[in-house]
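The first residue of the sequence shown is numbered 1, and numbering continues consecutively from there.
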Amino acid sequence: MACKKQQKSKLAFALAMVLLLGLAGRRCHGDVVQFIFGDSLSDVGNNNYLTKSLARAALPWYGIDFDSGMPNGRFCNGRTVADIVGDKMGLPRPLAFLDSSLDENVIFKSGVNYASGGGGILNETSSLFIQRFSLYKQIELFQGTQEFMRGKIGKAAADKFFGEAYYVVAMGANDFINNYLLPVYSDSWTYNGDTFVRYMVNTLEAQLKLLHALGARRLTFFGLGPMGCIPLQRILTSSGGCQESTNALAKSFNEQAGAAVARLSSSLPNATFRFGEAYDYFQDVINRPYLYGFNNSRAPCCSLGRVRPTLTCTPLSTLCKDRSQYVFWDEYHPTDRANELIALETLRKLNITVVANSTST
């Protein structure tokens with residue numbers, strides 16, 4: 001009888017240990033997630049927590065076509081390109097770094113988004129916005145996330161988690177629009193177009209190397225679109241046409257940044273770094289919107305009547321009758337529908353298979 005009790009006791013202990021080890025193993029194994037670094041085209045709420053920032057999507061009508069229809073920090077009526085790309089790849093959407101609900105379990109499940117409206121490759125970019133996270137600052141915040149996770153699950157498990165993740169970096173437009181092209185910034189008279197682009201790309205290359213040193217192995221850098229065709233640039237011309245000199249800067253940056261990404265991918269150990277872009281495709285959408293189901297690619301859907309440029313969408317603004325017919329949401333940013341087309345073209349050029357039944361809102 002005593003022997004049977006002893007056997008039952010050992011069996012119970014063994015089952016308890018199996019259960020305990022199984023739970024511990026699950027805790028130390030996170031999903032494959034993504035870490036996103038970027039500007040307002042990828043921001044999902046960080047700037048809304050920066051109360052002194054002049055670049056915030058905290059008022060209607062931002063977010064009108066996303067979930068509850070309330071502002072959520074996205075500089076759009078709906079989804080960002082980063083949202084859609086992740087959805088189509090079957091990856092969870094990461095929360096903003098400053099979101100109060102972010103903890104180790106959320107990071108394990110969905111990763112982190114560090115993107116910040118106004119953020120640039122260069123630290124000096126968008127200083128007029130007072131508060132924003134530059135790319136170097138975002139990488140510093142990522143380092144803090146790594147230390148946090150190592151403290152929760154140990155170095156080995158954390159290194160494995162970060163090594164298996166996807167990384168997205170989408171920056172550069174603000175370095176032109178809110179730096180080089182504004183005479184209030186010293187960069188505008190310190191450099192010419194060619195030397196400024198080289199300065200940007202050299203800085204970017206150092207930043208991507210730093211991310212690799214921190215464990216990033218699967219990274220995609222998103223190039224620039226035809227930023228000379230955003231409504232803000234058009235309204236500054238006498239004809240209302242695209243600023244071709246601004247577009248030329250974007251093309252030059254894409255060419256050099258793409259070469260730098262390819263160079264890093266071939267030289268850094270175990271790195272798969274890719275360059276994603278849809279410049280020519282988006283230019284065609286702007287030039288021939290009717291072929292893609294749009295009827296307006298020149299003006300923003302959200303504007304204050306004839307008062308242009310209004311820069312951001314506000315509760316005083318009026319909306320176009322059909323948001324799906326407009327390429328641009330405000331003076332800077334595409335609409336949800338345009339973002340979806342850009343995302344799908346980027347994935348096509350990267351030869352990434354789209355996952356069925358991906359999130360749509």
Neighbour count above 12 (heavy atom, 6.0 Å) for Gln143 CD = yes
If you draw a 6.0 Å radius around CG in Asn270, do more than 12 non-hydrogen atoms from other residues or ligands fall strictly inside?
->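 No, CG of Asn270 has 12 or fewer neighbouring heavy atoms, counting only those of other groups under 6.0 Å.
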Report whether Leu98 and Ile139 are members of the same hydrophobic cluster (ILVMFWY, side-chain heavy atoms less than 4.5 Å apart, transitive linking).
->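 They do share one cluster, since a chain of ILVMFWY contacts under 4.5 Å joins Leu98 to Ile139.
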Could you state whether Phe162 and Leu214 fall into the same hydrophobic cluster, counting links through intermediate Ile, Leu, Val, Met, Phe, Trp or Tyr residues with side-chain heavy atoms under 4.5 angstrom apart?
-> yes
Nearest atoms (heavy-atom pairs only) where [X] meets [Y]:
| X | Y | value |
| --- | --- | --- |
| Asn247 | Met227 | OD1-N, 3.4 Å |
| Leu102 | Val106 | CD1-CG1, 3.7 Å |
| Gln283 | Cys242 | NE2-SG, 4.5 Å |
| Ala271 | Leu264 | CB-O, 4.3 Å |
| Leu95 | Ser110 | N-OG, 4.2 Å |

Ring centers of [X], [Y] separated by less than 6.0 Å:
| X | Y | value |
| --- | --- | --- |
| Tyr199 | Tyr191 | yes |
| Phe142 | Phe97 | no |
| Tyr281 | Tyr292 | yes |
| Tyr332 | Phe75 | no |

Distance only, no hydrogens: is a donor on one side chain within 3.5 Å (strictly under) of an acceptor on the other, for [X] and [Y]?
| X | Y | value |
| --- | --- | --- |
| Gln256 | Ser252 | yes |
| Tyr114 | Thr145 | yes |
| Thr125 | Asp175 | yes |

Side-chain touch Glu124/Asp187, heavy atoms, less than 4.5 angstrom =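 The answer is yes; the side chains approach within 4.5 Å.
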Does any non-hydrogen side-chain atom of Glu345 lie less than 4.5 Å from one of Glu340?
->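 A side-chain contact is absent here, since even the closest heavy-atom pair is not under 4.5 Å.
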Would you please test Asp99 and Tyr49 for side chain to side chain contact (heavy atoms under 4.5 Å, CB included) and show each step?
-> CA-CA 8 Å; Asp99 192 301; Tyr49 293 93; 4.0 Å; yes
For Arg218 and Glu164, what are the C-alpha separation, side-chain angles and deciding distance, and is it a salt bridge (charged side-chain N to carboxylate O under 4.0 Å, His left out)?
-> CA-CA 8 Å; Arg218 295 187 288 188; Glu164 292 176 345; over 6 Å; no
Please say whether the positively charged group of Arg337, taken as NZ for Lys or CZ for Arg, lies over the ring of Phe294, i.e. under 6.0 angstrom from the six-membered ring centre and within 45 degrees of the axis.
->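 Checked: cation-pi criterion met.
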Ionic contact status for Arg74 with Asp43, cut-off 4.0 Å = no
Report the relative orientation of the aromatic rings in Phe161 and Phe35; use parallel for angles under 30°, tilted for 30 to 60°, perpendicular for over 60°.
->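 Perpendicular: the ring planes of Phe161 and Phe35 meet at over 60°.
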Phe273 and His212 aromatic ring geometry - parallel, tilted or perpendicular at 30°/60° bounds =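 Answer is perpendicular, since the angle exceeds 60°.
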Any donor-acceptor pair under 3.5 Å from Tyr326 side chain to Ser297 backbone | no
side-chain hydrogen bond (donor to acceptor under 3.5 Å, both in side chains) between Asn178 and Asn174: does it pass, once the steps are laid out?
-> CA-CA 5 Å; Asn178 292 308; Asn174 283 312; 2.8 Å; yes
Run the disulfide (SG to SG under 2.5 Å) check on Cys302 and Cys320 step by step: do they pass?
-> CA-CA 7 Å; Cys302 185; Cys320 58; over 6 Å; no
